[in-house]
Protein chains: 2
Amino acid sequence: MKIRTKDVARIANVSTATVSRVINGSPNVSEKTRQRVLMAIESLNYKPDIFAKNLAKKRFYEIGIGCPDEVFRGIESSEYQFYVKVFEGIQDYFSRKKCNYSIFPFSMLNERDGVEEKDGFLLVGGGISEGIIKKFQDIGKPFVLVDQFISGYDVDCVISNGFDGEYKLIKRFLKTGYRKIIYIHNVAKHFSYEQRMIGYRRAMREKSLEPVIYDFAEGQDLKLILKRILDDNKEPELIAVFEDRYAIDVIEYLKELGKKVPEEIGVLGFDNIISSASCQPPLTTVHVPKEEMGSLAAKRLFDLLNKEDISPVQISLFTKVLMRKSAKLR
Amino acid sequence: MKIRTKDVARIANVSTATVSRVINGSPNVSEKTRQRVLMAIESLNYKPDIFAKNLAKKRFYEIGIGCPDEVFRGIESSEYQFYVKVFEGIQDYFSRKKCNYSIFPFSMLNERDGVEEKDGFLLVGGGISEGIIKKFQDIGKPFVLVDQFISGYDVDCVISNGFDGEYKLIKRFLKTGYRKIIYIHNVAKHFSYEQRMIGYRRAMREKSLEPVIYDFAEGQDLKLILKRILDDNKEPELIAVFEDRYAIDVIEYLKELGKKVPEEIGVLGFDNIISSASCQPPLTTVHVPKEEMGSLAAKRLFDLLNKEDISPVQISLFTKVLMRKSAKLR
DNA sequence: CTGAAAGCGCTTACAG
DNA sequence: CTGAAAGCGCTTACAG
């Protein structure tokens, strides 16, 4: 039933070794036999068994993992908890396959540090720009975006469903009677930030409540924004923040400003980074499966390298609301 | 570096055969040795090589492919071109792996025709309901939805990006000066229908145009709706239809009503089914990679069966606008 | 340029 | 209940 190398070899009147060489583009095959083998493959509609192939192969795929400089530094120092987890997922996957990988910041990209020798790329981080995507499209080798998606670029990517996560979170609190929920939004051009904000907005609108959104830009003083929130709004009940890292800061600042969390005001995060469980009070947040984001992207790239698929896909991970102590569920 | 069965066997003081038996849950292992092997696996952090495993295994996975009765009939008669393609993708994938599959309509589900013996399921069709999803969640075996997603159910699924597709299509025509674009929307609770409609709406709104949407429900007379459209609107330029099957009918009806396509009025479809290329005039539409939708879903289920992943994901295929003759690009 | 043969890491009849 | 051994379908040094 199943067509194997052996069958092709018989039809083409060569050894299985030669069939394998043709398939893998070895130069050491005469044009004549190459044609014969190609015809046999065609006529039998032969496709190599991917399991056997990967078991037998000795050559390792060379993977380049690129990321914005900020992410690169954050990984090196283990400070950027989110991406540290994502990288664990990537490394776990590649270490079990025949893959070598190396990480580089995008600023090193022009130093042609061996892009040529790579078989494919993983581009990690919300900071991936259109320029970066175009650059890798030009290179012409398979690549997968991790934690970023830019509308209009039909490119393989793995993301988390920020819209759905924030929507579920806010809805949960609206259901128990909360009304004055304020959102702090990061204006950085990151797909997930935008989606989270839209999720908040949708949840509010569905309850006929006017969304109240404060923009934050990298480098700005969060504490100042917080003061403004407290000035502008009388007795806000809940502050939802675009990301755990900053939600944890918000809790601290709120304390400094003399507000009790969660008694007077609740705080909501997003990501479920490790320290969100250990801060005081522990942060109510949305869990994002970070390791899986990494391993899924690694796997997708691996499939691409194996020519398993053709059409680009967007893979979106579902999130999970995590109730902890930074906001009281009435 | 890499841990193999052999290493576990040595530590546990058994043969590799026994290690394999423990991993695969064979009953023919004494409790004592099972524990020893389990400990060895744990201590070495051993994970079987999936390629070797699948190459060596003799047992086939048993897959059940369920679908709404309408889809089932449409497949059998080869009339439902969209799903025929999806099934080709599924079959192509499974036929190359150690998988047996059988197709059943949901109406047969209660006849307990061997759900027990199945290892996993593919649920195919826009008509998959919450009830069906719940039923399969109760069964507790891996399953993946194909061409359907229901918000709130964090379940593995493979869909096409209807929003993005329709948005791109409409935008393309708006750009060249079209203004009076009318949309026929199918009210059936199908994720993609909704998304396509929203894509149309978004494109219109971005140009500050008021969306004009006519609802269609299965069983209704399309021709009547068309007459209403022609009566309500003076000189509509373009009619965008939720799906090729009906867009082709719309072309026919329009001709019957004395309208020239595309000279007087253009028609836009969605899906790129085979007959959309051969109808007169050939239909301008949005290509959905149907075979890949099937093979991607089959692959996802296979990965689930191999316990490769844990978190459920939504896999969304990008679409492509296809310019043909049923609408003039000015 | 080509083929015979070993080997990749598992599973599973088979024999005991 | 357990182990020795064959075999899954490829790739790739090795020898020619």
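Predicted model only: the values in this text are computed from it and were never measured. All values below were derived from every heavy atom in this structure, side-chain atoms included, with hydrogens, water molecules and symmetry-related copies excluded. Chain naming here is simple, since letters A, B, ... match the order of the sequence lines and numbering starts at 1 in each.
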Starting at [atom1] of [X] and ending at [atom2] of [N], how long is that distance when rounded to a whole Å?
X	N	atom1	atom2	result
Y46(B)	dG9(C)	OH	P	10 Å
R96(B)	dG9(D)	CZ	P	14 Å
K6(B)	dA5(D)	NZ	P	14 Å
R21(B)	dA4(D)	CZ	P	11 Å
F51(A)	dG7(C)	CZ	C1'	19 Å
K57(B)	dG9(C)	NZ	C1'	15 Å
N54(A)	dT11(D)	CG	P	9 Å
R10(B)	dG9(C)	CZ	P	13 Å

Exercise for the section: Could you tell me whether N28(A) contacts a base, only the sugar-phosphate backbone, or nothing, with contacts defined as non-hydrogen atoms closer than 4.0 Å? Expected result: base

Practice task
For V14(A), answer base if it contacts any base atom (sugar-phosphate contacts may also be present), sugar-phosphate if it contacts only those atoms, and nothing otherwise; contact means non-hydrogen atoms under 4.0 Å.
Solution key: sugar-phosphate

Can you tell me if [X] touches the phosphate of [N], counting only side-chain N or O atoms and a distance under 4.0 Å to OP1 or OP2?
X	N	value
T33(A)	dT2(C)	yes
N24(A)	dT11(D)	yes
T18(A)	dG3(C)	yes
S30(A)	dT2(C)	yes
K53(A)	dT11(D)	yes

Looking at [X] and [Y], would you say the former's side chain and the latter's main chain have a donor-acceptor pair under 3.5 Å?
X	Y	result
D49(B)	F51(B)	yes
D92(B)	E88(B)	no
S26(A)	V22(A)	no
K290(B)	Y83(B)	no

Exercise for the section: Validate the cation-pi geometry between K57(A) and Y61(A): distance from NZ or CZ to the six-membered ring centre under 6.0 Å, angle to the ring axis within 45°. Expected result: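 Yes - K57(A) lies over the ring of Y61(A), closer than 6.0 Å to its centre and within 45° of its axis.
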
Practice task
Identify, between R59(A) and A52(B), the residue whose nearest nucleotide on DNA chain D lies closer to the 5' end.
Solution key: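 This one resolves to A52(B).
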
Practice task
Verify salt bridge (charged side-chain N to carboxylate O under 4.0 Å, His left out) between R300(A) and D303(A), making sure each step is shown before the conclusion.
Solution key: CA-CA 5 Å; R300(A) 176 71 192 166; D303(A) 286 346; 5.4 Å; no

Practice task
Output the single nucleotide from dA13(D), dG7(D), dG9(D) whose closest atom is nearest the side chain of A56(B).
Solution key: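 For A56(B), the side-chain atoms sit closest to dG7(D).
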
Practice task
State which of dG3(C), dA4(D), dC8(C) makes the closest approach to the side chain of A17(B).
Solution key: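 Ranking dG3(C), dA4(D), dC8(C) by closest atom to the A17(B) side chain puts dA4(D) first.
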
Handout entry: Watson-Crick or G-U counterpart of dA13(D), or none if no pair lies under 3.5 Å
Key =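 Answer to the pairing question: none, since dA13(D) forms no Watson-Crick or G-U pair.
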
Handout entry: Identity of whatever pairs with dA4(D) - Watson-Crick or G-U, under 3.5 angstrom
Key = none

Handout entry: C1' gap between dT12(D) and dG16(D), integer Å
Key = 16 Å

